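Quick caveat: nothing in here was measured; it's all calculated off a predicted structure. Basis for what follows: all heavy atoms, side chains included, without hydrogens, waters or symmetry-related copies.
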Amino acid sequence: NTEGLVSPGTGLTGSVGAISSALLFKGKWNDEFSKAKTASGVFHGASGDKTADFMRSEEAGGYFWGEKFSAVVKPFMLKYAAFFVLPDEGYSVNDLLSDPEFLDFLVSGMTYKNQKNLIIDLALPKLDISGGGDLSESLKALGVTDAFSEEKADLTSLCPSGDLYI
């Protein structure tokens, strides 16, 4: 169930079929943010400052750090958790993605060497994470090219007449 993210017949005008994929994660935090504590504040992002509504919570949790970053974990019910990472001043997300220590943190997660359990006063901008895109170029970059050619495509296992291509 994608809660309406993918509707039957979407984008099929003049098409024989479509390949579609959607991922929906709707988790509940172990400790919910208090709506009464939500307040406006300034988010300092890579592209500049923006005013945003910040959700707030104060709870015991994991604090992680490295030479170029700090992070906290906020668990969902069951077995999932969200890690919120903040590059230290003077470093960008791209710097972290090429930093061996940060990559070790990503792989280690809850077993990372530099961590403490603390009372964390978390202020997090309200967020809605979504994305989308056309997979055609990505598939072609991976070498899937014949399926896009009317002359070369062999999708006879899906359409025995052979009149099918992407």
Spacing of Asp99 atom CG and Asn94 atom CG [to the nearest 0.5 Å]: 12.5 Å

Test log, rule side-chain hydrogen bond (donor to acceptor under 3.5 Å, both in side chains), inputs Asp154 and Thr156: CA-CA 6 Å; Asp154 181 7; Thr156 53; 2.9 Å; yes

Minimum side-chain heavy-atom gap Asp53-Pro125 below 4.5 Å: no

Within one Ile-Leu-Val-Met-Phe-Trp-Tyr cluster: Leu103 and Met110, side-chain cutoff 4.5 Å: yes

side-chain contact (heavy atoms from CB on, under 4.5 Å) partners for Asn117, two or more places apart: none

Reported CD1-to-OH distance for the pair Ile119 and Tyr63, which is rounded to 0.5 angstrom: 15.0 Å

Nearest-0.5 Å distance that lies between atom CD1 in Ile120 and atom OG in Ser57: 8.5 Å

Glu101 backbone acceptor or donor facing Asp104 side chain under 3.5 Å: no

Connected via hydrophobic side-chain network under 4.5 Å: Val85 and Leu97: yes

N/O donor-acceptor pair under 3.5 Å between Ser108 side chain and Thr111 backbone: no

Identified ring-ring contact (aromatic ring centres under 6.0 Å, His included) counterpart of Tyr112 within the set Phe83, Phe102, Phe105: Phe105

Verify same cluster id: Phe84, Leu118 (apolar side-chain graph, 4.5 Å): yes

Smallest separation among heavy atoms of Thr51 and Ser40, with atom names: CG2-OG, 3.3 Å

Crowding at NZ, Lys50 (>12 non-hydrogen neighbours, <6.0 Å): no

Point-to-point distance, once rounded to the nearest 0.5 Å, from OG1 of Thr38 to CZ of Arg56: 10.0 Å

Point-to-point distance, once rounded to the nearest 0.5 Å, from CZ of Phe64 to CD of Gln115: 4.5 Å

N/O donor to acceptor pairs below 3.5 angstrom from side-chain atoms of residues 65-81, sequence neighbours left out:
from, atom 1, to, atom 2, distance (Å)
Lys74, NZ, Asp31, O, 2.7
Lys74, NZ, Glu59, OE1, 2.7
Lys74, NZ, Glu59, OE2, 3.4

Which atom pairs, one a donor and one an acceptor, fall under 3.5 Å between side chains of residues 141-150 and the rest of the protein, sequence neighbours left out?
from, atom 1, to, atom 2, distance (Å)
Ser149, OG, Glu151, N, 3.3
Ser149, OG, Glu151, OE1, 3.4
Ser149, OG, Lys152, N, 3.1

Same apolar cluster: Leu86 and Leu122, side chain cutoff 4.5 Å: no

